Amino acid sequence: MTALTDWQKQEVDRQMRLYCEGAAEVIPREDLRQKVEQSLLEERPLRIKLGLDPSAPDVHFGHTVVLQKLRQFQENGHQVQLLIGDFTGRIGDPTGKSTARAPLTSEDVKQNARTYVEQFGKVLDMDQVTVHYNSSWLADLSFEEVIHLAGQITTARLLERDDFDERTALGKPIGLHEFFYPVMQGYDSVVLESDIEIGGTDQHYNTLMGRHFQERFKKAKQAVILMPLLEGLDGKEKMSKSKHNYVGVKENPDEMFGKTMSVPDELMGRWFRLVSGFSSDHVDHLEAELRSGALHPREGKRMLAARMTELYHGKDSAEKAADRFDALYRDNKLPEEVPEHRTEAELVSPLDLLVESGLLHSKSEAKRMIANRGVKIDGARLETADEPLRVRDGMVMQVGKRKHVRLKLSQ
């Protein structure tokens, strides 16, 4: 390899610090450094792969952990390869699953993929992203080629996967088709000739399949960067729509600001570091101020909420959302605009009303919220779900701190 100039050595060091910052694991670090060096010497952008099975259409802050890392590569002139697993999505990633996942329909995958690409544009410059669909090559493989592909890995290696190992120990079945998921994901890296693959720590096994299959097909092996999983609003579980602990990137400014204000104090530093886009030095400073008491947790959280809302809605919207939040919770005022819900019955089950008005998703969720004293009628807590509610024209029903609806009786 041609010797690096002093400037190039400094640039390699700078990029390495940036790419390793916040990462849970870099596999192997030496390979990543070598690829950055080659990129500078050959004046060639690196190909950075992110694989996605579009199993759900909504992008939330948890997804943006890897997107922020991709943006760092993009800002240094490298090429992001966004791989939509429209073929593998029909099988479903078995990662973390105790049973086989129900396959998605072709139309589900296409619609979810379109939504993903649209929402990713809130973080990435999509004009500088190449979008690939793995059905382009996987759907055309002959059965003979599939057999050859399967022959590049042993059953023992596939069973090393924690999910499969646990299910085997519990006597739960593993479909033969599930073994092909990591095989196909590994082959994707062969076709794309990816230099680096980025994923969450739960993708450790799948991303290493790329290295394995690239080696078997005599390609240069990709380096892997694994990012931490972001805990959700409950402070415990990984952020997930199914766990109702998420903040979506398409949520309106008021909802985004208010939800972020409910992040547990102990997670503030982690959120600042993983999803705010602030520099590591700035986050270090904020964390030091929080520890010393120079920055009150509420003000720190307000700073975080403002930053996240500004990222996705702009500074003006973030400032207005902050003002409305203060007016609502500090001054106990209703929002300026409260959506209306019309009902014909004067006596109605509160469970039905909470679901029909869109405040909650299900009657079981409504029952839990009432039991937890989280529902108010005109500012007074609703104590029971068992008695019919007498609706008065103009009364306000409130769930939690941020959801309101004004009830109107249809004449």
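Every value quoted in this text rests on a predicted model; they were computed, and no experiment measured them.
- The backbone N or O of Arg44 lies less than 3.5 Å from a partner atom in the side chain of Ser39, making a donor-acceptor pair.
- Side-chain contact annotation: Gln119 with Lys122, donor-acceptor N/O pair under 3.5 Å absent.
- No donor-acceptor pair closer than 3.5 Å links the side chain of Asp31 to the backbone N or O of Ile27.
- Without hydrogens or angle criteria, Arg273 side chain to Gly22 main chain gives no donor-acceptor distance under 3.5 Å.
- Both tests hold for Lys259 against Tyr246: distance to the six-membered ring centre under 6.0 Å, angle to the ring axis within 45°.
- Residues Thr343 and His341 have side chains that never bring a donor and an acceptor to within less than 3.5 angstrom of each other.
- At least one side-chain heavy atom of Lys301 sits under 4.5 Å from a side-chain heavy atom of Asp265.
- With a 4.5 Å cut-off on side-chain heavy atoms, Leu351 and Lys367 count as touching.
- Ring centroids of Tyr205 and Tyr181 are separated by 6.0 Å or more, keeping the two rings apart.
- If you take CG on Leu4 and CD on Gln38, they are separated by 10.5 Å, rounding to the nearest 0.5 Å.
- With respect to the salt-bridge test (charged N to carboxylate O, under 4.0 angstrom), the residues Arg17 and Glu21 do not qualify.
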Applying side-chain hydrogen bond (donor to acceptor under 3.5 Å, both in side chains) to Glu255 and Asn252, what does each step give before you reach the verdict?
CA-CA 5 Å; Glu255 193 74 6; Asn252 66 60; 5.1 Å; no
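- In terms of modelled atom types and a separation under 3.5 Å, the side chain of His63 and the main chain of His60 share a donor-acceptor contact.
- Smallest separation of non-hydrogen atoms from Val355 and His361: CG1-O, 4.1 Å.
- Between the side chain of Arg302 and the backbone N or O of Met261 there is no donor-acceptor pair closer than 3.5 Å.
- The only member of Arg47, Lys69, Lys221, Lys49 that meets salt bridge (charged side-chain N to carboxylate O under 4.0 Å, His left out) when paired with Glu197 is Lys49.
- Taking CD of Gln68 as the reference point, atom CG of Leu124 lies at 8.5 Å (rounded to 0.5 Å).
- Note that NZ of Lys320 and CG of Asp254 are 11.0 Å apart. Values are rounded to the nearest 0.5 Å.
- Taking 4.5 Å as the limit, every side-chain heavy atom of Gln222 sits out of range of all side-chain heavy atoms of Ile196.
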Please test Lys9 against Glu37 for side chain to side chain contact (heavy atoms under 4.5 Å, CB included), starting from the C-alpha separation and ending with a verdict.
CA-CA 8 Å; Lys9 290 177 182 177; Glu37 290 176 353; over 6 Å; no
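- When all heavy atoms of Pro182 and Asn206 are compared, the pair lying nearest together is CB-OD1, 3.8 Å.
- For the pair Arg307 and Glu310, the salt-bridge criterion is not met [side-chain N within less than 4.0 Å of a carboxylate O].
- Using the six-membered ring where Trp is involved, Tyr312 and Phe61 have ring planes that are parallel, under 30° apart on the 30 and 60° scheme.
- By the neighbour-count criterion of 12 heavy atoms within 6.0 Å, atom CD of Glu43 is sparsely surrounded, having that number or fewer from other residues, nucleotides or ligands.
- Side-chain contact between Asp13 and Arg33 is present, with at least one heavy-atom pair separated by less than 4.5 Å.
- For Glu75, the CD atom counts as densely surrounded, since its 6.0 Å shell holds more than 12 non-hydrogen atoms of other residues, nucleotides or ligands.
- Taking 4.5 Å as the limit, every side-chain heavy atom of Leu70 sits out of range of all side-chain heavy atoms of Leu82.
- With hydrogens and angles disregarded, a donor-acceptor distance shorter than 3.5 Å links the side chain of Ser136 to the backbone of Tyr133.
- Heavy-atom minimum distance, Leu233 versus Pro264: O-CD, 3.5 Å.
- The shortest heavy-atom contact between Gln8 and Ala3 is OE1-O, 4.3 Å.
- No side-chain heavy atom of Leu192 sits less than 4.5 Å from a side-chain heavy atom of Thr130.
- A distance of 9.5 Å separates CD1 of Ile225 from CZ of Arg29, quoted to the nearest 0.5 Å.
- Side-chain contact, Glu11 with Gln15: a donor N or O sits under 3.5 Å from an acceptor N or O.
- The minimum heavy-atom distance between Asn245 and Lys238, with the atom names listed, is ND2-O, 3.3 Å.
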Step by step, work out the side chain to side chain contact (heavy atoms under 4.5 Å, CB included) result for Glu231 and Lys236.
CA-CA 6 Å; Glu231 294 85 356; Lys236 299 174 183 177; over 6 Å; no
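- Atom CG of Leu141 and atom CH2 of Trp137 lie 10.5 Å apart (nearest 0.5 Å).
- Distance alone, capped at 3.5 Å, is enough to place a donor-acceptor pair between the His212 side chain and the Gln152 backbone.
- By the ring-ring contact (aromatic ring centres under 6.0 Å, His included) test, Phe179 is found to be paired with Phe164, residues two or more places apart in sequence or in another chain being considered.
- Remark: Asp195 does not engage Lys219 in a salt bridge, criterion side-chain N to carboxylate O under 4.0 Å.
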Residues Asp125, Gln74; criterion side chain to side chain contact (heavy atoms under 4.5 Å, CB included); working and verdict:
CA-CA 8 Å; Asp125 178 358; Gln74 200 174 54; 3.6 Å; yes
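- For the pair Leu52/Phe120, a side-chain contact is recorded, criterion being any heavy-atom separation below 4.5 Å from C-beta on.
- Summarising the local packing, NZ of Lys315 is surrounded by 12 or fewer heavy atoms from other residues, nucleotides or ligands at distances under 6.0 Å.
- If you take CZ on Phe213 and CG on Asp188, they are separated by 10.5 Å, rounding to the nearest 0.5 Å.
- Shortest non-hydrogen contact noted between Gly248 and Met256 is O-CE, 3.3 Å.
- A heavy-atom distance below 4.5 Å is not found between the side chains of Leu138 and Val191.
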Mind running side chain to side chain contact (heavy atoms under 4.5 Å, CB included) on Leu67 and Leu50 for me, showing each step along the way?
CA-CA 9 Å; Leu67 297 183; Leu50 173 66; 4.0 Å; yes
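- Ring geometry for Phe272 versus Phe278: interplanar angle under 30°, hence parallel rather than tilted (30 to 60°).
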